[in-house]
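These notes concern the structure reproduced below.
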Amino acid sequence: AGLSACNRGEDPAGEQVTLAVSTLNNPFFVDLRDGAEAEAAELGLELSVVDAQNDSATQANQLATAATDGSAGVVINAVDSAAAGAGLASVTGAEIPVVAVDRAVEGAEVASLVASDNVAGGEQAAQALAEALGGEGKIIILEGVPGASSTNERGEGFEKGLAEFDGIESVASQTAKYDRATALDVTTNLLQSHPDVTGVLAMNDEMALGAIQALGSRAGDDVMVVGFDGTADGFAAVADGTLHATIAQNPTELGRQSIEVMVKVLAGEEVEALQNVAVDTVTADNVADFTE
Amino acid sequence: MQANPLLRLEKISKSFGHVQVIHDVTVDVHPGRVTVLLGENGAGKSTLIKMIAGVHAPSGGRILVDGAEVRIPDTKASEALGIATIHQELNLVPSMTVAENITLGRTPRRFGVINRRRMRAIAREALATIGLDVDVDTPVGDLGIARQQLVEIAKALSLDARILILDEPTAALTTSEIKALFDVVRDLKARGVGMVFISHHLDEIAEIGDDVNVLRDGEFVARVPADTHEDELIRLMVGRSIDKQFPREPSPAPAGAPVQLDVSALEAPGLGPISLQVRPGEVVALAGLMGAGRTELLRCLAGADAYTSGRVEVRGERLAPYDVAAATAAGVGHVPEDRKMQGLVLDASVAENIGYATVRSTSRFGLVDRKGQRRRASAVAERLRIRMDSIDQPIRSLSGGNQQKAVFGRWFTAGSKVLLLDEPTRGVDVGAKVEIYELINEITADGGCVLMASSDLPEVLGMADRILVMSQGRIAGELPAESATQDSIMQLAVSNVNRDEEPANPQGATA
Amino acid sequence: MSAATTRRRLDIKSFLANNGALVGLVVLCLALWAATPRFLTGPNLLNVGIQVSTIAVMAFGLTFVIVAAGIDLSVGSVAALSAMVSAYWVGDLALPGAWSIVVGLAVGALCGLVTGVMSAYGKLPTFIASLAMLTIVRGLTLVISDGRPIPTSDSVAFLGSSLGPVPMPIVVMVVTGLIAAFVLNRTVVGKNAFAVGGNIEAARLSGIPVKRVLVTVFVISGLFAGLAGMLLAGRLESAQPTLATGYELDAIAATVIGGASLAGGVGRITGTLIGALVLAVIRNGLNLLSVSSFWQQVVIGVVIALAVGFDVLRRKNVRH
Amino acid sequence: MSAATTRRRLDIKSFLANNGALVGLVVLCLALWAATPRFLTGPNLLNVGIQVSTIAVMAFGLTFVIVAAGIDLSVGSVAALSAMVSAYWVGDLALPGAWSIVVGLAVGALCGLVTGVMSAYGKLPTFIASLAMLTIVRGLTLVISDGRPIPTSDSVAFLGSSLGPVPMPIVVMVVTGLIAAFVLNRTVVGKNAFAVGGNIEAARLSGIPVKRVLVTVFVISGLFAGLAGMLLAGRLESAQPTLATGYELDAIAATVIGGASLAGGVGRITGTLIGALVLAVIRNGLNLLSVSSFWQQVVIGVVIALAVGFDVLRRKNVRH
Ligand SMILES: Nc1ncnc2c1ncn2[C@@H]1O[C@H](COP(=O)(O)OP(=O)(O)OP(=O)(O)O)[C@@H](O)[C@H]1O
Ligand SMILES: Nc1ncnc2c1ncn2[C@@H]1O[C@H](COP(=O)(O)OP(=O)(O)OP(=O)(O)O)[C@@H](O)[C@H]1O
Ligand SMILES: O[C@@H]1[C@H](O)[C@H](O)CO[C@H]1O
Ligand SMILES: [Mg+2]
Ligand SMILES: [Mg+2]
């Protein structure tokens with residue numbers, strides 16, 4: 001297939017593009033990959049997907065490999081924004097164009113960033129929960145993997161969002177590592193020391209679902225839970241009424257658009273530096289729109 | 001006796017937990033003399049010398065060196081006082097070479113970098129003193145136990161100590177190495193080195209010892225000269241006399257009885273071809289020099305090692321090669337050469353160690369017969385007079401001789417019909433040996449048979465019905481027990497059976 | 001009567017001597033009790049019981065492998081695959097739900113069999129054989145699920161539910177604990193595992209079928225891991241592809257905290273349970289005290305070291 | 001002359017016998033070469049070299065601990081803390097950059113010292129001591145960084161850069177590998193580690209200061225882990241709080257694939273390097289072949305088992 005990375009302006013069909021994903025152990029990124037794969041098939045690209053299993057260095061290794069394996073372009077879903085820049089040096093050095101998806105890249109030039117904003121999403125999540133509680137009550141926050149950039153960004157968004165509501169008190173903020181089983185245990189334990197909690201704000205749907213499991217019949221009734229991602233299970237829980245809201249990122253769309261932008265770049269067309277994919281607050285009112 | 005002992009143990013006591021194993025024992029070591037410690041298995045000999053070696057701290061009493069009281073918290077302290085110790089159990093690192101083992105803990109170095117040439121030179125010199133010819137770069141684990149023992153001895157000798165302690169150094173050796181060792185001991189004596197010597201071979205005491213200190217149950221019993229008659233030594237040690245050291249009662253098989261163990265043309269690298277037969281009721285001894293291949297032959301028969309060709313049958317049934325479980329099921333029992341590495345699970349209890357061969361055979365629906373296992377273990381421990389606090393004690397804390405008895409007891413309990421014994425009485429005291437011999441009699445009277453490798457020639461002559469002498473991996477000849485002598489055995493043992501090939505000398509290349 | 005008293009006292013002593021980390025656990029509980037009134041309440045203790053169940057059941061099986069001087073790094077992945085296949089069985093294949101538990105157990109046992117055969121007959125070090133299985137099995141889990149959670153069958157969900165006031169996970173843990181202890185201490189398999197772990201050469205020369213023993217302990221470990229996976233999935237009512245990731249370290253730690261030696265030949269089911277409880281109680285306590293996520297990790301490490309340290313200290317006192 | 005030839009042939013033979021996984025590695029490379037023309041190209045081999053460097057350096061140090069019959073689970077976390085402190089040193093504390101490498105190494109050594117003291121003097125099993133350190137050190141990394149990445153100093157970034165066409169990580173790996181091999185084989189420290197791992201009782205009775213040896217090997221392990229962390233951070237030009245998470249398993253695997261035994265007394269630096277290469281080559285190859293990431297994990301597991309299996313097979317042939 002594509003022997004050179006420099007044949008801009010020609011028809012990119014048949015070229016190989018590498019999609020470097022942070023992890024596929026999470027339905028969110030599986031959806032993202034599926035969106036990308038569908039679009040690549042449609043446009044006749046050869047898509048090679050590599051999975052860094054959430055490790056920045058593994059991702060750097062994979063990027064270095066992509067720089068020499070004949071890829072005409074690289075779509076990166078960074079494990080960590082700060083670390084990805086150095087990892088991309090070999091790719092940009094080889095003049096291979098880069099499109100970032102879902103997470104920004106610091107310290108390297110990318111043709112475009114296709115993303116939904118984690119900070120803004122966090123803010124929306126906090127607002128959704130606060131409003132559901134009538135601006136009053138004690139809540140607990142379930143954090144993602146400590147140190148992960150999404151954890152930091154959503155945390156920032158939560159803070160912003162909650163700042164507007166004086167009546168909301170966050171009584172505990174603990175990590176459940178983006179994991180459903182861990183969230184079940186952590187929430188159960190937190191409910192022991194804070195039995196009067198009326199809201200749970202989780203940094204992803206997996207943890208929100210774990211919290212719902214811990215709450216049992218109280219979920220959606222006495223206690224409002226808000227998640228993040230808009231996974232299939234998340235939407236189902238919203239429809240059930242156990243999950244009050246989730247911030248739908250539309251990962252399939254993220255993946256699809258990242259490929260669309262990459263094809264434009266390879267064809268030598270101009271693209272937007274930032275391509276925003278809508279982040280929606282999904283509640284029982286509008287969940288049907290997302291699950292047809 | 002002389003006035004100034006080099007080393008004096010004064011009213012020494014030692015307890016482990018609530019059990020006191022040494023009571024107020026006083027022993028002197030004089031320059032140029034060999035002080036013998038004599039006592040039954042578990043009398044406390046090794047415990048006593050471990051307090052000199054810095055392994056155990058005494059619970060009471062004093063240790064004096066050159067008249068001054070000393071504390072010996074560890075091996076380094078002991079070495080600093082000029083004391084070198086050869087422990088009863090081998091203390092070598094199997095994965096390291098002979099040279100590395102000999103210089104262990106005092107590797108010759110320059111700015112922390114090892115001087116390998118000097119290390120090898122030290123090792124070669126040490127091996128030369130004891131007359132062991134092995135490549136110093138061989139991993140110790142590749143050597144048989146006799147050679148390992150010699151390496152251990154060489155290591156201690158190379159320390160140039162003023163006081164040398166030898167805890168049963170001869171137990172694993174054959175006559176010629178013992179002779180070489182004693183030559184060294186005499187030389188050290190002449191140079192004024194004071195020595196402590198422990199052995200269950202009473203003939204060695206008269207040969208090399210000066211004063212004998214007899215211990216019984218951790219108490220001092222008597223101090224007598226080394227030329228004291230053996231019967232008297234036994235009486236002091238055991239508290240009674242033993243009429244027959246080798247109570248063999250031949251139990252000839254009825255005419256026409258099928259052969260129990262039939263080996264034909266067995267070959268393994270460096271071994272064979274070997275053919276032999278053992279009949280019901282027979283005790284056949286395997287004699288030979290160190291490295292003659294006795295251990296390897298027994299291991300092949302027991303299924304512990306693979307062989308390249310040949311056939312082993314037990315009561316007419318072919319035994320699957322390299323399959324200990326199959327051999328065990330066919331009634332074969334094997335007491336291996338090295339009890340610590342091959343015989344025992346040191347952290348398991350005495351009862352468990354005795355019971356390993358019968359766990360499965362006595363189980364019901366997969367459940368262990370716990371009561372029965374304990375009962376059988378207790379019974380055999382009592383018969384063999386295994387000295388212990390309790391049958392549930394970890395076997396690690398038993399004395400060496402008592403551990404050896406437990407390994408033998410395992411196969412007696414299993415009711416094995418074909419017993420393959422490799423140095424079965426290594427480290428066992430005279431009294432307990434008799435017990436083992438009587439059990440052997442019982443087995444043969446029952447129609448079982450015994451094939452026994454032993455470096456203890458009196459034992460070979462006293463217990464065997466027939467003697468097969470091995471040399472260079474083959475059977476050099478057979479001697480009937482009635483007419484065999486130590487000399488006739490040795491003659492066969494040194495014979496060159498590979499006449500047609502070039503002179504066999506496995507280590508020749510390194511010379 | 002006095003003899004009986006002595007005997008009982010001795011038993012307690014030997015129980016303590018054999019269940020070292022117990023002291024650490026008790027101290028830990030006392031400290032938490034002093035720190036927060038929430039700790040020593042019925043509901044919270046039930047929580048701890050439920051939370052410990054997965055690791056405990058996994059570690060029960062692992063104890064067999066460790067006693068036999070092996071290590072099984074694959075338990076977390078095997079738990080996930082078992083849970084996933086049992087969910088898939090009813091979900092995508094639409095087969096009878098009651099069988100899903102049996103299928104899950106069979107998957108676990110099969111994984112253990114493969115690891116066992118690789119190490120006993122293929123002569124791979126158990127670390128390598130089980131590490132290979134760790135990644136193979138996790139990969140298969142992802143392949144089967146395509147990276148997405150699958151809802152569990154009702155029978156598996158039942159394992160995670162409550163029987164009246166009694167949570168099923170606790171029931172399962174207690175029952176399997178008793179079974180494991182029985183098998184380890186009373187059966188030929190258990191005794192042989194101890195012998196093989198204590199000195200494999202001596203075991204072999206005693207006629208113990210060493211290879212079969214190795215395979216058996218891995219099958220046992222796989223079975224328990226499979227059950228643990230279904231317990232966890234049952235509580236979540238869904239099998240995640242990432243289920244029980246990294247649990248192997250916790251399970252091994254529970255076993256070692258409980259007094260087992262990675263050198264083999266030593267280990268007890270009660271000890272393992274205590275080890276698992278130490279870990280679960282620390283986590284529960286830190287949550288109750290709302291310690292920050294970052295400091296939590298520091299504290300967990302310190303407490304693990306202290307809990308085992310207590311044990312070492314106590315044993316030293318007993319010896320002399 | 002013929003004697004020299006024999007000698008050389010013997011050396012090759014003994015080299016092969018001592019570096020078992022080499023055969024596995026060669027087979028793996030041949031297979032990849034056949035499968036894709038991209039594998040055996042200069043740039044790709046350089047990639048592999050850079051990619052292997054972190055795990056290799058980490059595993060060099062770990063080899064000392066494993067030779068001494070210990071295990072060090074903390075290496076991944078220690079790498080992260082060293083990288084983080086060295087970045088913090090110049091970043092938040094605004095101190096001279098050249099010192100940042102020294103500081104990072106010191107942090108690594110200190111962590112090793114603590115683990116070593118806990119296990120040698122505190123009598124904790126090395127598994128527990130290093131597991132405790134794993135979580136403590138990771139926690140501290142998060143605390144220091146407040147969970148956020150910090151850019152590295154120029155000196156550390158230099159470690160991750162290229163010197164003309166020669167990537168620094170490869171240079172560092174080669175140099176430290178030579179040093180490690182020298183220390184392990186030619187110095188008393190190394191010999192004593194072998195003795196302690198081969199038979200701790202014999203070592204003690206020979207007057208070897210067993211505790212000091214244990215502490216020393218952990219300090220060495222910590223030093224190398226610290227360096228590995230800075231190498232990695234240098235490549236990324238930033239120290240992440242989650243840096244090197246889970247790398248301990250890879251490092252241990254590299255060591256064991258390279259022929260070391262977790263039972264102690266056996267291990268070689270060349271073997272460890274080969275083990276690390278096996279892992280890096282598999283990952284690189286699977287990326288080149290665009291194997292789906294789920295199946296990749298399955299394949300990695302199978303290849304690890306095969307690579308070590310080759311070794312076992314070959315050793316069996318040699319013996320008889
Ligand atoms: N660490 C220990 N813990 C408990 N008891 C011990 C320990 N070491 C030795 N003993 C006991 O001390 C007694 C003396 O043992 P010791 O090894 O000194 O005997 P010995 O005279 O050397 O016997 P042998 O001739 O069999 O070598 C034995 O009863 C033994 O069980
Ligand atoms: N010079 C040597 N150096 C190293 N190994 C040797 C040497 N000679 C023989 N061997 C090997 O040592 C191994 C065991 O020897 P070992 O001394 O145990 O044999 P043995 O006949 O049982 O003698 P013994 O039981 O008296 O020690 C055998 O594999 C033998 O081939
Ligand atoms: O956006 C993704 C998902 O929310 C996931 O659950 C964790 O990582 C984030 O980056
Ligand atoms: Mg003794
Ligand atoms: Mg022999």
Side-chain angles (χ1 to χ4, degrees), chain B residues 50 53-55 73-80 83-97 99-116 119 137 139-142 148 151-152 155-156 158-159 268-269 305-308 322 340-341 346 396 509, chain D residues 2-3 6-7 10-11 14 17-18 63-64 66-69 178-213 216 220 259-268 271 315-320:
Chain B
K50 280 180 184 167
V55 176
D74 55 24
T75 314
K76 272 272 178 252
S78 171
E79 272 179 26
I83 303 168
T85 308
I86 297 161
H87 287 282
Q88 181 173 11
E89 301 299 336
L90 290 168
N91 282 296
L92 300 168
V93 184
S95 51
M96 297 177 88
T97 67
E100 287 169 339
N101 268 287
I102 287 177
T103 57
L104 205 63
R106 52 197 176 91
T107 316
R109 67 189 84 174
R110 232 201 222 172
F111 309 118
V113 178
I114 294 168
N115 183 341
R116 296 217 230 186
M119 181 171 83
D137 292 329
V140 157
D142 289 357
Q148 292 190 12
V151 171
E152 182 93 52
K155 179 179 164 192
S158 72
L159 281 170
D305 281 341
Y307 44 89
T308 42
Y322 200 21
K340 198 166 148 192
M341 304 291 270
L346 287 172
R396 180 190 290 284
Chain D
S2 132
T6 322
R7 183 151 178 99
L10 269 178
D11 276 350
S14 86
N18 285 321
T63 304
F64 286 81
I66 289 182
V67 159
L178 290 173
I179 295 176
F182 181 81
V183 174
L184 188 61
N185 298 317
R186 301 291 172 111
T187 71
V188 177
V189 170
K191 277 295 162 237
N192 284 351
F194 277 105
V196 168
N199 185 345
I200 192 167
E201 197 52 31
R204 187 175 296 126
L205 289 178
S206 302
I208 290 175
V210 170
K211 292 183 181 176
R212 243 194 299 148
V213 172
T216 310
I220 293 176
S261 159
L262 289 177
V266 194
R268 291 172 65 93
R315 256 185 289 177
K316 209 163 25 184
N317 289 337
V318 168
R319 206 180 295 146
H320 293 286

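Chain A is the first sequence line, chain B the second, and so forth, proteins listed ahead of strands; every chain is numbered from 1.
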Check whether Arg106(B) gets within reach of chain D through its side chain, its backbone, both or neither, counting any heavy atom under 4.5 Å.
->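 For Arg106(B), there is no contact with chain D at all, as no heavy atom is under 4.5 Å.
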
Side chain, backbone, both or neither: which part of Val55(B) has an atom under 4.5 Å from a heavy atom of chain D?
->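 Answer is side chain: those atoms of Val55(B) sit under 4.5 Å from chain D.
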
Can you tell me how far [atom2] of [Y] sits from [atom1] of [X], rounded to the nearest 0.5 angstrom?
X: Arg110(B); Y: Thr187(D); atom1: CZ; atom2: OG1; answer: 16.0 Å
X: Asn192(D); Y: Thr107(B); atom1: CG; atom2: OG1; answer: 6.0 Å
X: Lys191(D); Y: Met119(B); atom1: NZ; atom2: CE; answer: 6.0 Å
X: Asn101(B); Y: Asn199(D); atom1: CG; atom2: CG; answer: 9.0 Å

For Phe194(D) and Val93(B), work out which heavy atoms get closest and say how close.
->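 Answer, listing the atom of Phe194(D) first, then Val93(B): O-CG1, 4.2 Å.
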
Taking all non-hydrogen atoms of both residues, which atom of Gly265(D) and which atom of Ser95(B) are closest, and how far apart?
->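 Shortest heavy-atom separation between Gly265(D) and Ser95(B) comes out as O-OG, 3.5 Å.
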
Among the listed options Pro94(B), Ala268(B), Ala53(B), Gly105(B), the residue most often paired with chain D at heavy-atom distances under 4.5 Å =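 Heavy-atom pairs under 4.5 Å are most numerous for Gly105(B).
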
Top residue by heavy-atom pair count (under 4.5 Å) with chain D, among Asn91(B), Ile114(B), Leu92(B)?
->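 Result: the option with the highest number of such pairs is Ile114(B).
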
Side-chain donor-acceptor pair under 3.5 Å between Ser206(D) and Lys155(B), yes or no?
->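 Yes - a donor-acceptor pair under 3.5 Å links their side chains.
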
